[in-house]
Amino acid sequence: MYLQVSGVSKTYNGRVHALRDVGFGLEKGEFVSVIGPSGAGKTTLIRVLNGAEPCDGGEVVFAGVHLERASGRAKRTLQKNLGTIYQDFALVESVSALENVLNAALPDMAFLPAVLGLFGRARREKAAGLLDRVGLGDKLDAPVRDLSGGQKQRVAIARALMRDPAMLLADEPVASLDPVTGRQILELLKDIQQTEGLTVLMNSHNLALAQTFSDRLIGLRDGAVVYDGPVDRASEQVLAAIYGEGDG
Ligand SMILES: Nc1ncnc2c1ncn2[C@@H]1O[C@H](COP(=O)(O)OP(=O)(O)O)[C@@H](O)[C@H]1O
Ligand SMILES: [Mg+2]
């Protein structure tokens with residue numbers, strides 16, 4: 001397995017069980033969606049995977065490296081290999097699309113060039129190329145605040161690609177967008193995943209979109225995996241377990 005999650009639990013304030021004994025594996029190149037209602041633990045799962053949040057127990061092994069045992073350099077290498085995009089884009093609104101993409105390179109730069117913003121020609125060309133790849137070749141210098149929601153998510157995708165990640169984590173990437181724009185963004189994500197051979201783990205509360213773009217679905221409910229299988233076998237019974245009333 002390329003990514004193996006085993007027995008991962010996460011509690012907030014010792015009370016809220018956001019993740020309960022979560023386990024699943026991902027093969028390299030898969031596009032998998034985690035579906036489930038609000039509060040199911042989807043965001044917590046992504047935050048645990050990208051190292052933003054420690055988990056209470058369990059194991060995450062990514063490309064042969066144990067996330068929780070890795071320290072210093074190994075952890076930074078892991079994080080470089082995981083790009084994340086968010087529902088709210090998490091961009092710097094006041095600066096240009098190009099600068100937002102370039103900023104992703106800061107952790108890889110020496111102190112002084114980083115502080116002075118001396119990215120160099122190679123990085124600038126790479127960032128411009130990525131913006132062109134996501135369809136924003138004519139918006140390099142546009143302040144992000146002047147872009148539409150769909151364009152902002154395109155900038156965020158370019159930023160995530162700047163460090164050549166092996167895997168993309170996407171937390172409700174189209175939940176803030178209208179349906180047509182959301183579809184276009186997922187088509188772009190899918191195209192990049194297939195041409196670059198990336199592995200994608202996407203959170204979504206939109207079952208129809210997840211079914212359209214994913215190879216496999218993982219259903220979360222109250223922090224526990226209640227389904228892990230093909231999109232077309234997510235029967236009504238399974239969907240009731242994920243979304244339904246009662247004890248599922
Ligand atoms: N920082 C936090 N502090 C306390 N509780 C949190 C925090 N983040 C999330 N939770 C709780 O953890 C559970 C899972 O939340 P979350 O991972 O955001 O789910 P989802 O993304 O599926 O909506 C919810 O009950 C939520 O209220
Ligand atoms: Mg969430």
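Other residues sharing the hydrophobic cluster of V95, ordered by chain and number and joined by side-chain separations under 4.5 Å: V92. Other members of the cluster containing Y12 are V16, with ILVMFWY side chains joined at under 4.5 Å, either directly or via other members.
With sequence neighbours excluded, the residues forming a salt bridge (charged side-chain N to carboxylate O under 4.0 Å, His left out) with K190 are D215, listed by chain and number. Every residue meeting the side-chain contact (heavy atoms from CB on, under 4.5 Å) condition with H66, not counting sequence neighbours, appears here in chain and number order: E59, V61, E68, R69. When the salt bridge (charged side-chain N to carboxylate O under 4.0 Å, His left out) test is applied to K126, the partners found at least two apart in sequence or on another chain are D164. A search for salt bridge (charged side-chain N to carboxylate O under 4.0 Å, His left out) contacts involving R121 returns E125, not counting sequence neighbours. Every residue two or more places apart in sequence or in another chain that forms a salt bridge (charged side-chain N to carboxylate O under 4.0 Å, His left out) with D191 is listed here: R133. With sequence neighbours left out, the ring-ring contact (aromatic ring centres under 6.0 Å, His included) criterion links F24 to no other residue.
Hydrophobic clustering, with ILVMFWY side chains joined whenever heavy atoms are under 4.5 angstrom apart, groups V8 together with V34. A single hydrophobic cluster is not seen to contain both L49 and L168; linkage of ILVMFWY side chains at heavy-atom distances under 4.5 Å, directly or through other members, places them apart. L26 and F213 fall into different hydrophobic clusters, defined by Ile, Leu, Val, Met, Phe, Trp and Tyr side-chain heavy atoms under 4.5 Å apart, directly or through other members. I192 and M162 end up in the same hydrophobic cluster when Ile, Leu, Val, Met, Phe, Trp and Tyr side chains are linked at under 4.5 Å. Under the 4.5 Å side-chain heavy-atom criterion for ILVMFWY residues, no single connected hydrophobic cluster contains both I185 and M167.
Atom CZ in F62 sits 11.5 Å away from atom CG in N50 (nearest 0.5 Å). Taken to the nearest 0.5 Å, the CG atom of L91 stands 12.0 Å off from the CD atom of Q151. I218 contributes atom CD1, which lies 6.0 Å from atom CG of L201 (distance to the nearest 0.5 angstrom). Remark: Q79 CD to L67 CG distance equals 7.0 Å, nearest 0.5 Å. Atom CZ of R154 is separated from atom CG of L188 by 5.5 Å, given to the nearest 0.5 angstrom. Atom CG of residue L118 and atom CE of residue M109 lie 7.0 Å apart, to the nearest 0.5 angstrom.
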Check against side-chain contact (heavy atoms from CB on, under 4.5 Å), E196 and L161: CA-CA 10 Å; E196 312 292 324; L161 295 174; 5.6 Å; no

Worked verdict on S33 versus L217 for side-chain contact (heavy atoms from CB on, under 4.5 Å): CA-CA 5 Å; S33 287; L217 297 181; 3.9 Å; yes

Criterion side-chain contact (heavy atoms from CB on, under 4.5 Å) on H17 and D222, from CA distance to verdict: CA-CA 8 Å; H17 291 271; D222 291 334; over 6 Å; no

CA sep, side-chain torsions, deciding dist, call: L106, F119, side-chain contact (heavy atoms from CB on, under 4.5 Å): CA-CA 8 Å; L106 288 173; F119 292 100; 3.8 Å; yes

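Here the side chain of S204 pairs a donor or acceptor atom with the backbone of N206 at under 3.5 angstrom. Distance alone, capped at 3.5 Å, places no donor-acceptor pair between the R159 side chain and the N103 backbone.
Among all heavy-atom pairs drawn from A160 and I85, the shortest one is CB-CG2, 3.9 Å. Shortest non-hydrogen contact noted between G23 and V225 is O-CG2, 4.1 Å. The two residues A128 and L98 have their closest heavy-atom pair at N-CD1, 3.7 Å. Of all the heavy atoms in P107 and A104, the pair that sits closest is CD-O, 3.2 Å. Across R221 and I242, no two heavy atoms sit closer than the pair CD-O, 3.6 Å. The two atoms that bring A166 and Y2 nearest to each other are CB-OH, 2.9 Å, heavy atoms only.
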Please report, to 0.1 Å, the donor-acceptor pairs under 3.5 Å made by any side chain of residues 135-143, with sequence neighbours excluded.
none

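Within the structure, salt bridge (Lys or Arg N to Asp or Glu O under 4.0 Å) pairs that include any residue of residues 31-43 comprise K42-E172 (at least two apart or interchain). A ring-ring contact (aromatic ring centres under 6.0 Å, His included) check over residues 80-115, counting only residues at least two apart or in different chains, returns nothing. Residue pairs meeting the salt bridge (Lys or Arg N to Asp or Glu O under 4.0 Å) criterion with at least one member in residues 11-31, sequence neighbours excluded, are E30-R216.
Residues T43 and Q87 fail the side-chain proximity criterion, which asks for heavy atoms closer than 4.5 Å. Between Q153 and P173, some side-chain heavy-atom pair lies under the 4.5 Å cut-off.
Checked options V226, V22, I35; the residue passing with L220 is V22 (criterion: side-chain contact (heavy atoms from CB on, under 4.5 Å)).
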